[in-house]
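Both ligands and their constituent atoms are indexed starting at 1 by order of listing. Sequence positions, counted from 1, serve as the residue numbers for this chain.
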Amino acid sequence: MTTSPVILRAVDAPGHPTPSPELEQLYRGFERELLVPLWTEIGDLMPTSPRPAADAHVWRWQRLLELARESGKLVPVGRGGERRAIALANPGLGGAPYATPTLWAAIQYLNPREDAPVHRHTQHAFRFVVEGEGVWTVVDGDPVAMRRGDFLLTPGWRFHGHHNQSDTPMAWLDGLDIPFVHTTGSAFFELGPDVVSDHSTPARSRAERLWAHPGLRPVSQPGPTVSSPIAAYRWEHTAAALADQLELEVDGFPGVLEPGHAAVRFSNPTTGGDVLPTMRAEMHRLRAGTGTATRREVGSAVWQVFDGAGVVRLGEREWQVDRGDLVAVPSWVPLTLTARTELDLFRFSDTPIFERLHADRVQIEGEPG
Ligand code: 1HN
């Protein structure tokens, strides 16, 4: 990506120098030397509160799926393109394949018996499965089954490929920190074998057998690790945690985030922190008929409806959303969710970046900022 050359315009406005031929000459001089004076830019560079370039936007899962299916017929998956992944391009980001300035979100599609070749990159990645099964993602030689509701990790620099062992195609959501890594010039990439060598289909990965027992850490393993060692967070566990929070609420005990709103964060068992250094991931459940407080925070997020139907309000705009629909939430835009039916939502965000930099900020409507 390139940026356009500097073009400066003299304007007749308070706080700006009076337009004159000499001023025009000065500005042409700035342009030639690739210089930009602060006085023409300050409003944009120093807003009183975040004014993100990204827009609030909703992509419809059914439409993504139709186009992914069509891609499945026309586009081979293999070396070079590496993945049949189709990225959400935020309308505010100039056509870049970025859901938000830091987050990549894509639908990936694998035909029956297809392999996606092995590679590794410094970008951190995860998969979230809104429907289907039959694909195994093999992470550093460990085959990990993918099923509806599962959240799967591919931390940076692990070799990984996928294989569909079933007779049906499968689509899922990929999330990566590609835009952040691209903007900061920190990307490395390396090819692995063209085909996935291990086509075995274990129900549980080795990583899960070692690490995915609630509150139990293998004493043999060193830690802490920057990314979670748990390769897959299974839907049965996530669903039980959400259901228990709502039942505790009925029984009069604390646990929910707010009335009718259960939420869990996927966490790294070696630190208690986020699963990946750059991305946070959560699952939310709203009781039918309930809504969240209006909340905004620094940093951007993407939500995907996992089940149910509801309304997403972002600033002044509102969308009805259904299973699979994806929502880009730019920094500092107030978000309110309302559940028409019981509503399950997956959410990921770049919050760990801002927390690490002590630039995180949250504001909930009606509470002191
Ligand atoms: C990648 O490796 C995957 O492993 C998905 O499934 C999307 C987008 C850009 C670069 C690498 C995957 C990707 C990607």
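Nearest approach of S186 to T122, heavy atoms of both residues: O-OG1, 3.3 Å.
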Starting from the C-alpha separation in whole Å, work towards a yes-or-no answer on side chain to side chain contact (heavy atoms under 4.5 Å, CB included) for E190 and W157.
CA-CA 9 Å; E190 198 174 283; W157 214 238; 3.6 Å; yes
Show your reasoning for whether side-chain hydrogen bond (donor to acceptor under 3.5 Å, both in side chains) applies to H119 and R83.
CA-CA 10 Å; H119 64 212; R83 299 290 184 260; 3.2 Å; yes
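Listed by chain and residue number, the protein contacts of ligand 1 are R83, W104, Q108, H119, H121, R127, H160, H162, D174, L176, I178 (heavy atom within 4.0 angstrom).
Taking the ring centre of F306 as origin, the terminal cationic atom of R285 falls outside the region bounded by 6.0 Å and 45° from the ring axis.
A donor-acceptor distance shorter than 3.5 angstrom exists from the side chain of N90 to the backbone of G92, with no hydrogens or angles considered.
Of the listed residues (F346, F128, W172), just one forms a ring-ring contact (aromatic ring centres under 6.0 Å, His included) with F151, and that residue is F346.
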